[in-house]
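The structure under discussion appears below in the form of structure tokens.
What you see is a predicted model, and the numbers here were worked out from it, not measured in a lab. Chain A is the first sequence line, chain B the second, and so forth, proteins listed ahead of strands; every chain is numbered from 1.
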Amino acid sequence: MTSNMIAREPAIGRRTLLKVGSAGAAALLFAPIIARAASDMGGALSPDASIYPKKAFAQTSESAALKIMYGADATASDKIQLDAPDIAENGAVVPVTVSTDMPNVTSISLLALDNPYTMAASYKLTADAIPNIASRLKLAKTTKVVAIVEAGGKLYSTSKPVKVTLGGCG
Amino acid sequence: MANQILARATVSGGVTTVQALVKHPMDSGFVKDKAGKIIPPHYIEVIEFALNGKVVLTGFWGPAVSRNPYSKFMFKGGKSGDTISIAWVDNLGKKAGTEVKIA
């Protein structure tokens, strides 16, 4: 199978490994091999995969995801600013920014209600982190984007509909 | 592919702004390739941002975060020359990280 890849990229040489990752779908089958080659390349930090809330990210409704993530439901708040485009031409890259003036924010989550899985991203903030986070999400179709802010142990939410003209499951 | 994080950190008025562009396919597991085969999920699960080795922000990402994710956040503290480290682990157990000095 390796020779297949080389056939697709004739002038490869020592950059083979680097190119495999972007060579497309077939190459992803080899991801575990690449993973081994690329491990131990980080700096001082080594994030622990076991802290990942896998179950929360596998839910298909807002309340189920929140229940697992926070053990509670959120109340609507006008103190959260959720910046997202009204219309996203490309659902694969939708810039979303969440910010709030609330004190003691410990967590911010982003949910896309009509995505295959509701939970899109979640951030844990330390006391020094300022609750103002920008990221880019994939939206499968036109959906309500929900921002969740956990402040002082309580959950607040705000939402915004984003019209997607080209789905971005990819 | 591996280990590519473009990062920039600037401080102004006691607030440090960190921007990071991580190179990662972030495959959701819902997309098919040209041959109609599902591209298996491959996405970053946990990403950490630290100031001088102390984590200030932890991100949990699902498959709905865009390919080659960009993130930006701010925190109080930090001064010019301090070290920001960024590191992630994905669902295949692959890890990568980088360090950048606050400008």
Only distances under 3.5 Å count here; give the side-chain donor-acceptor pairs of residues 146-161 of chain A to other protein atoms, sequence neighbours excluded, each with its distance to 0.1 Å.
residue: Glu150(A); atom: OE1; partner: Thr106(A); partner atom: OG1; Å: 2.9
residue: Lys160(A); atom: NZ; partner: Ala84(A); partner atom: O; Å: 2.4
residue: Lys160(A); atom: NZ; partner: Asp86(A); partner atom: OD1; Å: 2.9

Next on the checklist: Treating Ser66(B) as the side-chain partner and Leu137(A) as the backbone partner, does any N or O pair qualify as donor plus acceptor under 3.5 Å?
Outcome noted: yes
Checklist entry - For the atom pair OG (Ser99(A)) and CZ (Phe73(B)), what is the distance rounded to the nearest 0.5 Å? => result 15.0 Å
Item to check | Sorted by number, residues from residues 120-133 of chain A in contact with chain B (heavy atoms, under 4.5 Å) | outcome: Ala120(A), Ala121(A), Ser122(A), Tyr123(A), Lys124(A), Leu125(A), Thr126(A), Ala127(A), Asp128(A), Ala129(A), Ile130(A), Asn132(A), Ile133(A)
Item to check | Heavy-atom contact with chain B under 4.5 Å, split by part of Val96(A) | outcome: neither
Checklist entry - Honestly curious: do Ile108(A) and Leu82(A) fall in one hydrophobic cluster under the side-chain, below-4.5 Å linking rule? => result yes
Checklist entry - When you measure from the side chain of Lys72(B) to the backbone N and O of Ser135(A), does any donor-acceptor pair fall under 3.5 Å? => result no
Next on the checklist: Do Asn91(B) and Tyr52(A) have side chains that approach each other closer than 4.5 Å (heavy atoms only, starting at C-beta)?
Outcome noted: no
Next on the checklist: Between Lys138(A) and Ser28(B), is there a side-chain donor-acceptor contact under 3.5 Å, judged purely by atom types and distance?
Outcome noted: no
Checklist entry - Once you round to the nearest 0.5 Å, how far does CZ of Phe60(B) lie from CE of Met69(A)? => result 5.5 Å
Item to check | Same cluster (ILVMFWY, side-chain, under 4.5 Å), Val98(A) and Met102(A) | outcome: yes
Checklist entry - In the single-linkage hydrophobic clustering (I, L, V, M, F, W, Y; side-chain heavy atoms under 4.5 Å), do Val46(B) and Val18(B) co-cluster? => result yes
Next on the checklist: Test of understanding: clusters of I, L, V, M, F, W, Y form through side-chain heavy atoms closer than 4.5 Å, transitively. Do Ile38(B) and Tyr43(B) belong to the same one?
Outcome noted: no
Next on the checklist: How long is the straight-line distance from CD of Glu48(B) back to OG of Ser46(A), given to the nearest 0.5 Å?
Outcome noted: 8.0 Å
Checklist outcome for this item: Greatest number of non-hydrogen atom pairs under 4.5 angstrom with chain A, of Gly29(B), Ala64(B), Gly77(B), falls to Ala64(B)
Checklist entry - Is Trp61(B) reachable from Leu6(B) through a run of I, L, V, M, F, W or Y residues, each pair having side-chain heavy atoms under 4.5 Å apart? => result no
Using a 3.5 Å cut-off and no angle test, enumerate the donor-acceptor pairs between side-chain atoms of residues 54-68 of chain A and protein atoms at least two apart in sequence or in another chain.
residue: Lys54(A); atom: NZ; partner: Glu45(B); partner atom: OE2; Å: 2.7
residue: Gln59(A); atom: NE2; partner: Lys55(A); partner atom: O; Å: 3.0
residue: Ser61(A); atom: OG; partner: Ala64(A); partner atom: N; Å: 3.1

Next on the checklist: So Val55(B) and Leu45(A), do their side chains get closer than 4.5 Å, heavy atoms only?
Outcome noted: yes
Item to check | Contact list for residues 73-85 of chain B, test salt bridge (charged side-chain N to carboxylate O under 4.0 Å, His left out), sequence neighbours left out | outcome: Lys79(B)-Asp82(B)
